[in-house]
Amino acid sequence: MENQLKAVALSIRSLSMDAIQKANSGHPGLPLGAAELASVLYGNIMRHNPKNPGWKNRDRFVLSAGHGSMLLYSILHLAGYDVSLDDIKNFRQPGSRCPGHPEYGYTPGVEMTTGPLGQGLSTAVGMALAESMLAAKYNTPDFKIVDHYTYVLAGEGCLMEGVASEASSFAGHNRLGKLIVFYDENHITIDGSTNIAFTEDIAKRYEAYGWQILRGDMYNMDEIEKLTAAARKDPRPSLIMLKSIIGKGAPTVAGTAKAHGAPLGAEGIVEAKKELGLDPGKDFQIKPEALEFFKNKQNHFSQLEEEWNALFEKWAEEYPEKKKSWDEDFAEGGVSPARLGNAVLPEYEKDTSLATRTASNNALNAFAPVVPNLVGGSADLQSPNAVALKNAKSYSPDTPDGRYIHFGIREFAMAAICNGIQLHGGFRAFCATFMVFADYLRPALRLSALMQQPVIYVLTHDSIYVGEDGPTHQPVETLASLRAIPNVRLFRPADAEETAVAWKMALQRTDGPVCLALSRQNLPVFAKEDPDWKHTVECGAYIVRKGAEIPDITILATGSEVEMALKAAELVPEKKIRVVSVMSKELFESQPEKIIETITGCNKGNVRIVTVEAGVKAGWEGWTKSPKDNFSINRFGESGPAKLVAKELGFTAEKLAAILK
């Protein structure tokens, strides 16, 4: 078997270097340097079934060092996943299942999109957390139906990025023992030796996080199996540090930074093939022993799943209520429509005044009992974000059945972990922080959007009305920057009633993340002239104040500024003014032109549009004929009581009324 695994490793090196050379682009260093690990991992260690990459109890593998994507594509092809040799030959070309970095949804067997260093490891923490939570929920004394591991391959770059530190600290604290990280210890980055910037003692660092540390040789496959077995026995997450040589087998670049991110070149390819014992005149060589090895493994892989299926069926017969809950937990997006329909949303009297963050908590706790797989928490801001779950335990190593997650002050890791929970399946994840700190988690939010994962981001304290905390906490530019990310849907509800509907719409979304922008300050529940507004707002906007069939002016306002727009309209009785609440700008702008024109009134006349939002005007310019009609805040805020800050900035109903006049 050892010779067959060596043939697999050699085939990985062959496919990787030739695919990168043919594309004239890519990163050969890692595939050449870590081929043995991939061979033994997919050949002997992992429980997986190439014929069914979505098997729920499979072990997960995350290539955190996503630049080395050809390592993953090569082993997926050899192991029998639906990745063809033609796909590999078209590496980094449009339409290929082998894009430059692994992308979730493109390639069977790819568990997540990686490439932004550190996020793969951090998201894998979320996968391991989800496994722990799901096991606590569904395993019984007589049936262990949730029992799998999450494996990660990370390099120096991943461990340098701050998000990996955040997530690793979280994993150690929560004793996520089914998380096993292999560290490709080659001491090389793009600029050269890691000694120029990275000399810390990684083992001591991870020991301090509460991890088990194991050491070995990347090229001793028997040792890797033994180290992995030891990692499985320990209740702590494990870091297996494997000494390696970047670009191993390519004598022109091995052990140097030149191996990292460029093809070997024609001469380098020839020298590598001579060194490795391959035919220098042939491309994309696969050793017959490698194919034979995985061909003989297919029945074993299928049997692993069949045995689990039989166990699952017995469990389902014994626990039919749990089986019903399981099926609902694994509905698309993690929320079954039937469950959503059982929620009784809070109702509010007109002129009731409360912050939309408070109304958000009311809505969250209306959905939580009927959507029991709704899990999440905040970055140490449970009370300010108003995301406490009533009658719910917090997750901990001793209470893995807890639903509320204390992420600590780790916004970036929090979002990455939620991506992992969502990708794992069985849950719907939410996380929360102050809106201004969305800047800390933005790269993970971007991956939520890219991977089409419906994580819900609760972002409170959404404007200058934060007040005394001052400009560092007043997110004047953040609304625009969040909207700029493709496939992010931002809801900024204007009152408590809208907030309940926003939560429902967020939970109904299955193909991307939702950001809920919520106020710190109290806002009145206002009358809505559209009697069908709860349906109309699904377009992203609806008419609050009609003004007239053909208005002179239509105000497009969001969030807390809808109240301001209504007050300003009353101050200008000589004009027919319509007020539209735009709860989701990007959703509204995606509607057919007829719907947009009907809501704004532009279908019946030449209507002047004025936009109102407590933030920069970026993104609103296309709605108005004059820049003066974008009533906005294009500077940083001030420290002081909210109303005084607004007055200082000239952001008042009276100032808006002057524009309307």
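Small disclaimer: the values here were computed from a predicted structure and weren't measured.
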Relative to each other, are the rings of F437 and Y440 parallel, tilted or perpendicular (30° and 60° limits)? parallel
Kindly indicate whether the side chain of [X], heavy atoms from C-beta on, has any atom under 4.5 Å from the side chain of [Y].
X    : Y    : answer
S584 : T558 : no
M451 : L423 : yes
M133 : V375 : yes
Y457 : V455 : yes
V62  : T123 : no
L364 : L389 : yes
I213 : I240 : no

Between [Y] and [X], is there a side-chain donor-acceptor contact under 3.5 Å, judged purely by atom types and distance?
X    : Y    : answer
S581 : E498 : yes
R339 : N373 : yes
R357 : T460 : no
Y395 : S132 : yes
S394 : H406 : yes
Y81  : N49  : no
D398 : S396 : no
Q453 : S448 : no
S168 : Y206 : yes

Determine, using ring centers only, whether H535 and Y542 are less than 6.0 Å apart. no
Check for me whether the distance between the ring centres of W326 and F312 falls short of 6.0 Å. yes
With a cut-off of 6.0 Å (strictly less than), are more than 12 heavy atoms of other residues, nucleotides or ligands near CZ of R446? no
Could you tell me whether K504 atom NZ has more than 12 heavy atoms of other residues or ligands within 6.0 Å of it? no
Check this for me: does any side-chain nitrogen of one of [X] and [Y] sit under 4.0 Å from a carboxylate oxygen of the other?
X    : Y    : answer
D401 : K137 : no
E318 : K314 : no
K56  : D329 : no
D234 : K178 : no

Applying side-chain contact (heavy atoms from CB on, under 4.5 Å), run through Q508 and L340 and close with a yes or a no. CA-CA 8 Å; Q508 287 173 327; L340 269 188; 3.6 Å; yes
Per the side chain to side chain donor-acceptor pair (under 3.5 Å) rule, what does the pair list look like for residues 422-435, sequence neighbours excluded? H148-H424
Run the ring-ring contact (aromatic ring centres under 6.0 Å, His included) test on H48 and F61 for me, step by step, so that the C-alpha distance in whole Å, both residues' side-chain angles and the decisive distance to 0.1 Å come before the verdict. CA-CA 10 Å; H48 64 118; F61 172 70; over 10 Å; no
Kindly write out the residues that satisfy ring pair (Phe, Tyr, Trp, His ring centres under 6.0 Å) with Y149, not counting sequence neighbours, or none if the list is empty. none
Out of N362, L354, T356, which residue meets the side-chain contact (heavy atoms from CB on, under 4.5 Å) rule with T499? T356
As an exercise, state the distance from CZ of F434 to OG of S378, rounded to the nearest 0.5 Å. 9.0 Å
Kindly compute the distance separating CG (N487) from CG (L450), expressed to the nearest 0.5 Å. 9.0 Å
Would you name the heavy atoms of P346 and A366 that are closest together and state the gap between them? CD-CB, 4.1 Å
At their closest point, which heavy atom of G512 faces which heavy atom of R509, and how far apart are they? C-NH1, 3.3 Å
Pair V335, L374 - check side-chain contact (heavy atoms from CB on, under 4.5 Å), show working. CA-CA 8 Å; V335 179; L374 178 62; 5.9 Å; no
